Amino acid sequence: MSTNAVQTTKEEILEHYKENGFAVIPNALSQEELDYLNGLVEKSLQESPDQWHKPIEGAVGTGSFLAQYPLEMDKFIRHPNIFPLIQEVLRGEARFAQFDFRDVSAERASTSEMNFHRDISYYGTIGGKIFDPENPYISTYTCVIYYLSDVHECCPAFCLVPNSHMYGTLAEAKEKQGEAYREIPIRGKAGTAVLYNITTYHTRKGGSAACTHGRRTMHNYHSRATSYPLTNWATVPEVLALSDNPDTQLFYSQWTPNQLKYAKENYTKPIPAYYPIHMVK
Ligand SMILES: O=C(O)CCC(=O)C(=O)O
Ligand SMILES: [Fe+2]
């Protein structure tokens, strides 16, 4: 079913990421974890459809689980199998940025194609750095997409162009990379994780008209202490952002403009003075 190469040891994963801007990690989640997450997704789709945005390029999605199950989701956001790798590629500066689930139904599989793009931070769009030449892993942000369903040949598939972070356009990547230019669709079993530098050109390939599976994913973006917040909207529940555990509080400390407002309006504990909540109306 899966034709793409995978990386399994820590050394292989980091080496492949360094060379190509991504790595594919099979069995990152156990069957028990997959059953738990799929159970939550199914329950939410059925009981709280209002928490899911309307299909965007074929995928419905929700960022609501972090607020609903903060301690449980934190265990996936800083998953013991993957978080050490995230810390490595972000030079030990990993900060929470965004966490959401997406679901492409079998009916929408063939119309779920995206365009090739890079995920550029809000500040990147106004001149902030989008990659770091001094980081051996290049990344200013990294994302891990977990497949929660098997991704067969017929299914929508995450797809990227290795080592393409430095080009201004996909056309430029094609021209400058020449024979080395590759578009690699990633297929694999549920539980596969794709770790990628978000400024590597990537897309979602649509599934075939005959696809009867669709695709379900968990998307987890991480920033660095030296990067700006990735979005201007993501919010974090108080139990994590003002956790008594200093590591947890630090990890959830990169507050977006919307988070400042959210904290001011909802948190019960005093908010540390270094957060500029006085700026919030
Ligand atoms: O769903 C996918 O495979 C890719 C999603 C993506 O690139 C994005 O949402 O920016
Ligand atoms: Fe993207």
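Start at 1 and go down the list; that is how both ligands and their atoms are numbered. All of these numbers come straight from a predicted model, not from anything done at the bench.
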Of the N, O or S atoms in His117, the one nearest the Fe ion (ligand 2):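 So the atom name we want here is NE2.
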Selection from Thr203, Ile186, Asp100, Asp119 by shortest heavy-atom distance to atom 10 (O) of ligand 1: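 It is Asp119 that holds the nearest heavy atom.
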Heavy-atom proximity to atom 6 (C) of ligand 1, best of Arg204, Met114, Arg118: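 Nearest option to atom 6 (C) of ligand 1, by heavy atoms: Met114.
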Side chains of Arg78 and Thr248, donor plus acceptor under 3.5 Å: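 The criterion, which ignores hydrogens and geometry beyond distance, is satisfied for Thr248 and Arg78.
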Polar contact flag, side-chain donor to acceptor under 3.5 angstrom, Arg216-Asn38: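 Side-chain D/A pair, Arg216 to Asn38: present.
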Write out the residue and atom name of the closest protein heavy atom to [atom], then the distance separating them to 0.1 Å.
atom                   : value
atom 9 (O) of ligand 1 : Arg102 NH1, 2.5 Å
atom 4 (C) of ligand 1 : Phe158 CD1, 3.6 Å
atom 2 (C) of ligand 1 : Arg215 NH2, 3.3 Å

Ligand 1 atoms in contact with His219 (distance to a heavy atom under 4.0 Å):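 Heavy-atom distances to His219 below 4.0 Å select 1 (O).
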Plane angle bin for His16 and Phe22 - parallel if under 30°, tilted between 30 and 60°, otherwise perpendicular: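 Perpendicular: the ring planes of Phe22 and His16 meet at over 60°.
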Plane angle bin for Tyr36 and Phe76 - parallel if under 30°, tilted between 30 and 60°, otherwise perpendicular: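 Taking Tyr36 first and then Phe76, their aromatic rings lie parallel (interplane angle under 30°).
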4.0 Å heavy-atom contact, Lys205 with ligand 1: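 Per 4.0 Å heavy-atom rule, Lys205 does not contact ligand 1.
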Nearest non-hydrogen partners of His222 and Leu90, listed with the distance: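 Taking every non-hydrogen atom into account, CB-CD1, 3.7 Å.
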Approximate separation, where rounding is to 0.5 Å, of Leu37 CG and Thr217 OG1: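 That separation rounds to 11.5 Å.
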At the Fe ion (ligand 2): angle between Asp119 atom OD1 and His202 atom NE2, to 10 degrees: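 Between OD1 of Asp119 and NE2 of His202, at the Fe ion (ligand 2), the angle is about 90°.
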Backbone or side-chain N/O/S of Cys143 under 2.8 Å of the Fe ion (ligand 2):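 False for Cys143.
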Flag, side chain of Asn135 to backbone of Tyr137, donor-acceptor distance under 3.5 Å: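 Yes, Asn135 side chain to Tyr137 backbone: donor-acceptor pair under 3.5 Å.
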